[in-house]
Amino acid sequence: MSNFPGPRNFSLRNVNTSKPQVYRTESAQSAAASDDYYSFSERASSSPESRVTAMRFATPESTPSSQASSPTVPRSQAMGQSNQQEQPQQQSQPQQPTAEERGSPRRGTGSTVRFGEDQIARISPKSDDTIRGLPSDYAGAPPTPGFDDSPYVHFAINQLTRDRQPAVGPQRQDSVSTMGDYPADRLVWDQGLGYFTRARTPLHHVEDPRPKYKSPSPQALPQRPDSVDPESFVAVDPPEQSLQYPALDYLPIILRPWALTGLIFCCLLMIAGIAFCNVWSRRHDGIWQYQGQGGARYFVMQFLPQILAVPIIIWTFVVQAAVYRIAPFAIMAAEQNLGYVLQGLPILPRNFIFPSISHFRHGEFLFGISLFTIWLSNFFSIPLLSCLFQAKYYVVNGQGVWMWTSVQAVGWTLIASYGFLTVGLLLLVLRFVRGWSGLMWDPVCLADLISIIQRSNILHDYEHSETVPAVRESLDPRVLRLGYWKLSMKPEIFYGIGEVDAPVRTPSLHQTEKTREKQPHGLARVCFDLEHHGAFANDPFDHHLYSPFSRYRWTPHFLRKPSVVAWTVVVFALFIAFVTVSFVKNAIKGGFPPRLPTLPGTGAFSSSNFLYSFVPALIGNFLFLAWQPIDTYFRALQPFVELSAPNGASADKSILLSYPSSLPLQVTMQAIINGHYKVAWLSFMSLISIGIPILSGGIFIALWYPEHRDIRISALMPAYYALIAFCGLYAVSFLAIWPGRRRHLPHDITTLADLMSFFYQSPLLADKLLREPRSKTDLVTRLIVAPPSERLLPMYGFGIYVGRDGKEHLGIDRFHRPGRTDMLITTGSMK
């Protein structure tokens, strides 16, 4: 009898033949399709549409009569004799079905193979089309034209010749058949003829009165998957006011309405101040009397406006970083019909030198407009503020006097720029007030992403994506949702990213701890094969895991070695030229001709003053903004640098690092504490490099030189020396951006899909330490405290590991797991 419980069904037909005759008695069992060939789950067994009930029974030896064996005996007479022989058995053992009733073919000294024809209608009725297609007579009748009786022949040959197969390995001593004992390809589908049927209604299990054999151990049985039937993801709302299921409305502090309102208030103050200067200057013939180059008034008019713009610029940097970080999650939480959210929307800010239009392409116009207004303000605010005030000659009470006045055109342009920024920030407030973010906390590190995708039903899409050059090109568009879910056949509620009404596809991630503990761990003992002669040598994707070209293929284009060399050479060349031109023959100290009209017009606009204030500030602002992507990627790549260490890294220095979401000075302090000095310096440089546009925009001014009797452009030399120092520091810092080997990855890490490709088979998704944390504090506590069964903190690495499928993958996992080979990290000690 089969060891798997469940109803049984059978339906066989009688086939009488006299040839061939086989006289064998060493085997008392006949093989039929047994349900232990298929490791269906209990849920699949309970489904009427998916229950395979063909069984195998031991067939007692019998000697058929000559009449039954002879083809000259009429079929009705043979059937009558057969029925007479069966009646005494039915009367003596009414609860034991005969071999024919059980639908099992006889095999013994005779040559008769019987398929219970008379039981078809009673036990397993078929459709009308199937019954009409059956021949009327099989005993000695010639083949029916147009009717294929090959399934009967195949099945009979399989039964008669099965025991002749050579034995391989130790023979089983029980009645449970496995796929190794009787291959599934020997079972021929009956094409509706009846000897292999699928039950339509549940049947009671029939106990076999014969002596039972010893059951095999549970380890010897094939493991059943946790889910075979099409369980699907069902979107649900969590219970209200439940501590176990927090509300999914978390927003980073910088994006909360009160924080955005504070930034809007600063913008309004700038608008009010510029408008006041414009109106006052026009009505009162200037704002403040000019007292020469240098001094407090010169500082207030030429440098202070740019300095006041710095907090707004830094604040908007933090805001746009948060927008990029949570925009894909907010879109999925809103259940918008966008198919490329994971692989199309970047999570790292790129709105610096050129405006980003990625959110426009994905239908998020509020995000797109807000980011565009931020870029517009950051790119032009400092250059425009540097030329907002000019010195103009006025006649007051019959006497001529130089006054600081506001340039009307520049002032109103600045008001429009800050007005657009205010509108963009208001749109952000409205976007987050009306919609859910879908987040429990701010996803700022790799560990946060693990907790969101650990039970997702889309991870199968990322097969072999860890080594492809572009993950986006390997994925199909899917409309996804972020929120709470449950399976269609389970009441448990869980959180994560998924596709609505789609199958589970990864049942192992939904198993209970008890079920997971019962699984054998021997399959995970896979050794790495650096020469590709191991178990996975035939895998066409395996060579990419060990290929240095694939492993170290990608780094941002501006951090590739040719680009870094070009950048360094150009910056040093410009710096040397800048210093040389400045001090040869006192070209800057003695002044130089403006080559443009100098006298201010009605609106106080001076062509020469505007040119030598706006253009230097614009160049300096370009250098400042060009450094921001360098800082952004060094922050984002630092976890992978630590994970690529030969022995891995602790969680607090790797998967818990959150440099991209930290404030500029905060990053510098954290990096110094963690020993990441390159990140600390580059982040500090990204902040102080803003001094270049501030200084360059206020140094030059047109003055009258009596000794030369003409107007020349003069420079404030103390500020000019400071500018040279900042530019020299900027140029030297390019020597620190040389990308080490650890900062090279198989592909980009800009999108969520890029990061998910390094986790889709990672055992971290099923790690009990990371199983469904309900707060960021809970997650961090689990990772920085040693597990109860271990003495030391786990170490994490980025390399080749054994995935949940027992195969090798490239990505992030624990460096050491009991029962598995340690992760293979090929970067060595090179940085």
Side-chain angles (χ1 to χ4, degrees), residues 251-256 259 262-263 266 307 309-326 347-349 352 378 441-449 559 623-645 649-692 694 725-726 729-730 732-740 742-743 749 775-777 779-781 783-785 793 796 831:
L251 281 176
I253 295 177
I254 199 68
L255 294 181
R256 294 178 183 177
L263 181 55
C266 292
I307 295 175
V310 170
I312 297 178
I313 293 175
I314 302 301
W315 200 337
T316 55
F317 280 173
V318 180
V319 168
Q320 77 174 8
V323 170
Y324 273 94
R325 188 169 64 250
I326 73 166
I347 59 174
L348 297 178
F352 298 111
N378 292 343
W441 62 80
D442 196 359
V444 296
C445 62
L446 296 174
D448 296 327
L449 181 62
L559 293 182
L623 296 177
F624 164 68
L625 294 176
W627 194 265
Q628 304 310 311
I630 299 175
D631 175 41
T632 297
Y633 273 92
F634 266 84
R635 294 193 203 182
L637 287 170
Q638 189 59 38
F640 293 91
V641 174
E642 291 296 320
L643 292 168
S644 299
S650 59
D652 59 329
K653 291 187 177 181
S654 57
I655 61 176
L656 284 177
L657 283 181
S658 57
Y659 289 157
S661 63
S662 301
L663 301 176
L665 290 178
Q666 182 184 6
V667 173
T668 303
M669 298 304 298
Q670 290 175 347
I672 292 175
I673 294 174
N674 293 328
H676 304 152
Y677 301 112
K678 182 176 289 189
V679 174
W681 174 253
L682 296 179
S683 178
F684 179 70
M685 193 65 209
S686 70
L687 178 63
I688 66 172
S689 61
I690 200 171
I692 298 177
I694 291 175
F726 274 98
L729 201 61
Y730 187 90
V732 171
S733 297
F734 271 89
L735 299 177
I737 69 173
W738 185 264
R742 296 187 190 177
R743 287 184 170 84
I749 57 170
S775 67
K776 184 59 179 286
T777 303
L779 176 64
V780 173
T781 304
L783 291 173
I784 64 175
V785 177
L793 286 173
Y796 302 87
K831 296 185 179 180

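Predicted, not measured: the structure shown is a model, and the values here were computed from it. Values below: all heavy atoms of this structure, side chains included; hydrogens, waters and symmetry mates excluded.
Expressed to the nearest 0.5 Å, how far CD1 of Ile313 lies from CD of Gln628 amounts to 10.0 Å. Note that OG of Ser650 is 8.0 Å distant from CD of Glu642, once rounded to the nearest 0.5 Å. Between atom CG of residue Leu263 and atom CD1 of residue Ile312 there is a gap of 6.5 Å, rounded to the nearest 0.5 Å. Here NZ of Lys678 is found 12.0 Å from OG of Ser733. Values are rounded to the nearest 0.5 Å. Interatomic distance, CD1 of Ile688 versus CG of Leu665, reported as 10.5 Å (0.5 Å rounding).
The minimum heavy-atom distance between Ile254 and Ala259, with the atom names listed, is O-CB, 3.7 Å. In this structure, Ser654 and Tyr796 approach most closely via the heavy-atom pair OG-CB, 4.3 Å. Nearest heavy atoms, Pro639 versus Ala636: CD-O, 3.3 Å.
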**OP:** Given side-chain contact (heavy atoms from CB on, under 4.5 Å), test Arg742 with Gln638 step by step and report yes or no.
**Re:** CA-CA 9 Å; Arg742 296 187 190 177; Gln638 189 59 38; over 6 Å; no
**OP:** Dump the intermediate steps for side-chain contact (heavy atoms from CB on, under 4.5 Å) on Ile784 and Leu656, then the final yes or no.
**Re:** CA-CA 9 Å; Ile784 64 175; Leu656 284 177; 3.9 Å; yes
**OP:** Would you check, one step at a time, whether the test side-chain contact (heavy atoms from CB on, under 4.5 Å) holds for Thr668 with Trp681?
**Re:** CA-CA 7 Å; Thr668 303; Trp681 174 253; over 6 Å; no
Subject >> CA sep, side-chain torsions, deciding dist, call: Ile737, Leu682, side-chain contact (heavy atoms from CB on, under 4.5 Å) >> reply: CA-CA 8 Å; Ile737 69 173; Leu682 296 179; 3.7 Å; yes
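If you check the side chains of Asp442 and Ser661, you find no donor sitting under 3.5 Å from an acceptor. Counted by atom type alone, Tyr659 and Asp631 present zero donor-acceptor pairs between their side chains at under 3.5 Å.
The backbone N or O of Val679 sits nowhere less than 3.5 Å from a side-chain atom of Ser683 that would complete a donor-acceptor pair.
When side chains are defined from C-beta on, Pro252 counts as touching Ile326, because their heavy atoms get closer than 4.5 Å. Within the 4.5 Å cutoff, side-chain heavy atoms of Leu559 are placed close to those of Phe634.
Take Thr632 and apply the side chain to side chain contact (heavy atoms under 4.5 Å, CB included) test, not counting sequence neighbours, and it matches Leu348, Pro349, Phe352. Applying the side chain to side chain contact (heavy atoms under 4.5 Å, CB included) rule to Tyr730 yields the partners Val571, Leu623, Ala626, Trp627, Met685, Ser689, Ile692, Phe734; only residues at least two apart in sequence or on another chain are considered. With sequence neighbours excluded, the residues that form a side chain to side chain donor-acceptor pair (under 3.5 Å) with Ser662 are Gln670. With sequence neighbours left out, the side chain to side chain donor-acceptor pair (under 3.5 Å) criterion links Asp448 to Trp441, Lys776. The side chain to side chain contact (heavy atoms under 4.5 Å, CB included) check on Val310 picks up Ile314, Ile690, Ile694, with sequence neighbours excluded.
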Cut-off 3.5 Å, no hydrogens considered: what does the side-chain donor-acceptor table look like for residues 317-324, sequence neighbours left out?
residue, atom, partner, partner atom, Å
Gln320, OE1, Asn351, ND2, 3.3
Tyr324, OH, Ser356, OG, 3.1

